[in-house]
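Report on one structure; see the data block that follows.
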Number of protein chains: 2
Amino acid sequence: MRTADLPEANVFARDCASRPVLQNITGRWGALVLAALADDTHRFSELRRHVDGISERMLSQTLQTLERDGLVHREVLTSIPPHVEYSLTGLGHRIVTPLLALLSLVEVSVPEIIAAQIEHDRSR
Amino acid sequence: MRTADLPEANVFARDCASRPVLQNITGRWGALVLAALADDTHRFSELRRHVDGISERMLSQTLQTLERDGLVHREVLTSIPPHVEYSLTGLGHRIVTPLLALLSLVEVSVPEIIAAQIEHDRSR
DNA sequence: CCGTATCCTTAACGATACTG
DNA sequence: CAGTATCGTTAAGGATACGG
């Protein structure tokens, strides 16, 4: 079966393969890990510090998922002590671009959103 | 306290207010509901059909959250039978733009991602 | 038609302890 | 250093029934 034979992906369709993929990318930790790798290659412990609040378990799990999806590359440098570098693949870089735009827009919109929440909660 | 006094929002900080907001926007249903409203105003039942697989409960809850965040506007038309229209606010429109870019990019990347997954699963 | 309330099941998550 | 294993807790979600 060639790619051309596949129906076009549609996130609105219940069983479309894009749904779980989208979750991996936009989920609680996926988006932050991808964004953390946008500028540069990083080690496990660096990511752990940068993505504040993530547990070792979730970081490990998130990185594995993103690697499986072909967004993140994992490179083991055989040294003592062990040293592992994580970086974005070409696909990862393409996808992180609109993601960064979204994160940045959300950040600058936070004051406006907080104001909306307060106003909303006040009137009820 | 004026906006200028607030520290800049940073999604990487554990307790930053942007974290839950980001979840509302990029979560399992939030992103799809926002995207469904990108082109036009829609009714509850229309959204329910369009966002395939969402339950009434989750659609209701998602719309409430997005309304509270100031991204979605809810308009009740007092008629019988009742009629409710959902639309994006100005802020909603701004945020949905990079979101649509991301969704669309994920959709076209699905074949590449599936291939990566198969290759990854094969070699272990 | 547009939801909310209730109940229940499952999946996500965090903390901790431990290994190559 | 870079994880994995296990356990217990919490939050998310689905199904159904009912109400405005």
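None of the values given here were measured: they were computed from a predicted structure. In what follows, chains carry the letters A, B, and so on, assigned in the order in which the sequence lines appear, proteins first and then strands, with residues in each chain numbered from 1.
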> What is the distance from atom CG of B:Leu34 to atom CD1 of B:Ile25, rounded to the nearest 0.5 Å?
Replying inline: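 Separation between the atoms: 7.0 Å.
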
>> Using 0.5 Å steps for rounding, measure from the CZ atom of A:Arg68 to the CG atom of A:Asn24.
In response: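 Rounded to the nearest 0.5 Å, the CZ-CG separation comes out at 8.5 Å.
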
> So, are B:Arg94 and A:Glu112 salt-bridged, with charged N and O less than 4.0 Å apart?
Replying inline: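 The answer is yes: the pair qualifies as a salt bridge.
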
>> Strictly below 4.0 Å, N to O, side chains only: are A:Arg49 and A:Glu46 in salt-bridge contact?
In response: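 Salt bridge between A:Arg49 and A:Glu46, a charged N being under 4.0 Å from a carboxylate O: no.
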
Taking atom [atom2] of [N] as reference, at what distance in whole Å does atom [atom1] of [X] sit?
| X | N | atom1 | atom2 | answer |
| --- | --- | --- | --- | --- |
| B:Leu59 | D:dG14 | CG | P | 12 Å |
| A:Asn24 | C:dA11 | CG | C1' | 14 Å |
| A:Gln23 | D:dA11 | CD | C1' | 15 Å |
| B:Glu56 | D:dT16 | CD | C1' | 10 Å |

>> Determine whether a donor-acceptor pair (N or O, by modelled atom type, separation under 3.5 Å) exists between the side chain of B:Ser18 and the backbone of B:Ala9.
In response: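 No; judged by distance alone, with no hydrogens or angles, the pair does not exist.
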
> Taking the side chain from A:Arg19 and the backbone from A:Val11, do they hold a donor-acceptor pair closer than 3.5 Å?
Replying inline: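 Judged by distance alone, yes, a pair lies under 3.5 Å.
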
Report yes if at least one side-chain N or O of [X] is closer than 4.0 Å to OP1 or OP2 of [N]; otherwise report no.
| X | N | result |
| --- | --- | --- |
| A:Gln61 | C:dC13 | no |
| A:Ser60 | D:dT4 | yes |
| B:Arg57 | C:dC8 | no |

>> If you define the side chain from C-beta out and look only at heavy atoms, does anything of A:Asp69 sit under 4.5 Å from B:Gln117?
In response: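 In short, these two side chains touch, coming nearer than 4.5 Å.
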
> Where do A:Trp29 and A:Asp52 come nearest, in terms of heavy atoms and distance?
Replying inline: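 Taking A:Trp29 first and A:Asp52 second, the nearest heavy atoms are CZ3-O, 4.3 Å.
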
> Between residues 66-87 of chain B and DNA chain C, which residues have a heavy-atom gap below 4.0 Å?
Replying inline: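 When residues 66-87 of chain B is checked for heavy atoms under 4.0 Å from DNA chain C, the hits, listed by number, are B:Arg74, B:Pro81, B:Pro82, B:Val84, B:Tyr86.
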
> What are the residues of residues 33-49 of chain A, sorted by number, that bring a heavy atom to within less than 4.0 Å of DNA chain C?
Replying inline: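 Per residue number, the list is empty: none.
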
> Given C:dA17, D:dG14, C:dG14, which nucleotide is nearest the side-chain atoms of B:Met58?
Replying inline: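 Minimum distance to the B:Met58 side chain belongs to D:dG14.
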
>> Could you check whether A:His50 and B:Phe12 have their ring centres less than 6.0 Å apart?
In response: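 Ring-ring flag for B:Phe12/A:His50: true, centres closer than 6.0 Å.
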
> Within the structure shown, what part of the strands sits under 4.0 Å from A:Gln64 by heavy-atom distance: base, sugar-phosphate, or nothing?
Replying inline: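 Contact class for A:Gln64: sugar-phosphate only.
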
